[in-house]
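Single-structure report; data block below.
Just so it is clear: chains get the letters A, B, ... in the order the sequence lines come, proteins before strands, and each one is counted from 1.
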Amino acid sequence: MDPLQPVRGTRDIIGEDQRRHTHVIATARAAAATYGFDEWTTPIFEDTRVFARTLGDTSDVVTKEMYTFSDRGGDSVTLRPENTAGICRALVTNGLTQSLPQKVFYAGPMFRYERPQKGRYRQFHQIGAELIGPAEPLADAEIIALGWDILSALGIEGDIILELNTLGDAASRTAYRAALVDYFTDQRAALSADSQERLDKNPLRILDSKDSRDQMLVQQAPTIAPFLSPEAASFYDAVKLNLTRLGVPFRENPRIVRGLDYYSHTAFEFVTTRLGAQGTVMAGGRYDGLVAEMGGPPTPAVGWAAGIERLSMLLRQSPAPTAPIAVIPMGEAAEIAALTILQTLRRAGLRAEMAYRGNMKRRLERANKIGARAAIILGEDELNRGVAAVKNLATGRQADIAFADLPAHLAE
RNA sequence: GCGGGCAUAGCUCAGAUGGUAGAGCGCCAGGUUGUGGUCUUGGAUGUCGCGGGUUCGAGUCCCGUUGCUCGCCCCA
């Protein structure tokens, strides 16, 4: 039998990986709070219809990547492949369409059945933000600004470029799509096999093909600009203006197309060149039709999601663990007194640990190994005098400190 | 779903042409019965990913399989 190992595409997050993971979430959560976002936790599996209905028939996420199965009652449930649909469902379920706007932050696991690669897993983790209610372009700019602030707080904004596009409103998009189909149908024979298929299923996708032959043709392809309705064009202009006013640098890329069908108007991707083929680190757009599809009233919304694993890999350095204080008693009487000291330090907010066995040499080695910044050495001699020998493990210097003064002495 | 590369100790890796496994780091114990990080001596590392085949003999060759990895598709 093969040794037990995590299921393909899943992994354990431990040690430095977990510190990076936690740091990304904590940083994003704090930034989202400054914008007035509240955190929601929704189920990691939903009625299959929540996703099947809304993501679109053409996206692979629906057609072949969902973890869908029947539960014991015979209902079809699906592990969430993304969380925007779930948030919209929760909005409707909880009657919050009456209390708009809702500004939602979330963090948690997502599941897609696809071939694992660097920065791409079958169970992966996302942070995300959704701004539900406002139809104004300031909302688009503001939520993008939140994303930019998070990347900046993580110290990785220098590796990332924000690419921006508009998909227009429904009428604009339909007209543009027809023009693209005309153009590419004329060139059909010159397209890659993948793009010939896209031409039938999702012609907009040809625009971000990586095939060099396709890219040549895409250069000459019509752009959406002339097809935008006056309203869609001025909406896009307002998004750009507000981004500039909010201090967010961006680059327009008319070939940005989002994968999921529910997007309209603003589409954006924060991309990096440091992660190979998985360069998209945070992406989103406006999805004005989704809440209605979930059974709610027509409700405009805009949001994004970001991959925690991808962000973690971009961090320039790993967050340092807090250096503990090692308490080292010598003998039984000292150990009893040490327990009191331990709890006093912990309740003062300090990280304090005591080994479960071993002589002083072993305990000091252990203290060194766990990165302790100080050791509190307590033997009969110290006990009788009401002091502890506090040794600074970086300098090696040691001094006797009265029990009552320990927390203050060791506070950072 | 498609194509390429890889899999040897906890970690990073050596092991030409087939002759039943090594290094460094780490780990354990001693030099030091109340003083770590340096030094020094010694010790244990292991179904060579898994299964099958060829062979007197397979870590090494062949087939299958699982996982990782890079690219495509797709996407965070």
Practice task
For A16(B), decide between syn and anti, treating a glycosidic angle within 90° of 0 as syn.
Solution key: syn
Can you tabulate the close N/O pairs, meaning under 3.5 Å, that link protein atoms to atoms of nucleotides 41-44 of chain B?
none

Do any side-chain atoms of residues 24-31 of chain A form donor-acceptor pairs under 3.5 angstrom with protein atoms, and if so which ones, sequence neighbours left out?
unit_1: Thr27(A); atom_1: OG1; unit_2: His23(A); atom_2: O; d: 2.7
unit_1: Arg29(A); atom_1: NE; unit_2: Glu39(A); atom_2: OE1; d: 2.6
unit_1: Arg29(A); atom_1: NH2; unit_2: Glu39(A); atom_2: OE1; d: 3.4
unit_1: Arg29(A); atom_1: NH2; unit_2: Glu39(A); atom_2: OE2; d: 2.9

Handout entry: ring pair (Phe, Tyr, Trp, His ring centres under 6.0 Å): pairs with one or both residues in residues 343-376 of chain A, sequence neighbours excluded
Key = none
Handout entry: Residue Arg112(A), side-chain heavy atoms: nucleotide from C68(B), A76(B), G71(B) that is nearest
Key = A76(B)
Exercise for the section: Would you check if the side chain of Glu82(A) reaches a backbone N or O of Met110(A) as a donor-acceptor pair within less than 3.5 Å? Expected result: no
Practice task
Examine distances only and state if a side-chain atom of Trp40(A) and a backbone atom of Ile87(A) form a donor-acceptor pair shorter than 3.5 Å.
Solution key: no
Anything under 3.5 Å between a donor and an acceptor, one on a side chain of residues 318-339 of chain A, the other on a protein residue two or more places apart or in another chain? List them.
none

Problem - Side-chain N,O (Arg8(A)) to OP1/OP2 (G67(B)) below 4.0 Å - result: yes
Handout entry: Gln117(A) side chain near U69(B) phosphate (N/O to OP1/OP2, under 4.0 Å)
Key = no
Practice task
Under 4.0 Å between any heavy atoms, over every strand shown, what does Phe270(A) touch: base, sugar-phosphate, or nothing? Just pick one.
Solution key: nothing
Practice task
Verify whether the ring centers belonging to Tyr176(A) and Phe227(A) lie closer than 6.0 Å.
Solution key: yes
Exercise for the section: For nucleotides 28-38 of chain B, just jot down a letter per nucleotide in 5' to 3' order: B, S or -, based on protein non-hydrogen atoms under 4.0 Å. Expected result: SS----BBBB-
Problem - 5′-ward residue of the pair Gly9(A)/Arg310(A) relative to RNA chain B - result: Gly9(A)
Practice task
Could you tell me which residues satisfy side-chain contact (heavy atoms from CB on, under 4.5 Å) with Arg255(A), sequence neighbours excluded, listed by chain and number?
Solution key: Leu207(A), Val218(A), Gln219(A), Asn253(A)
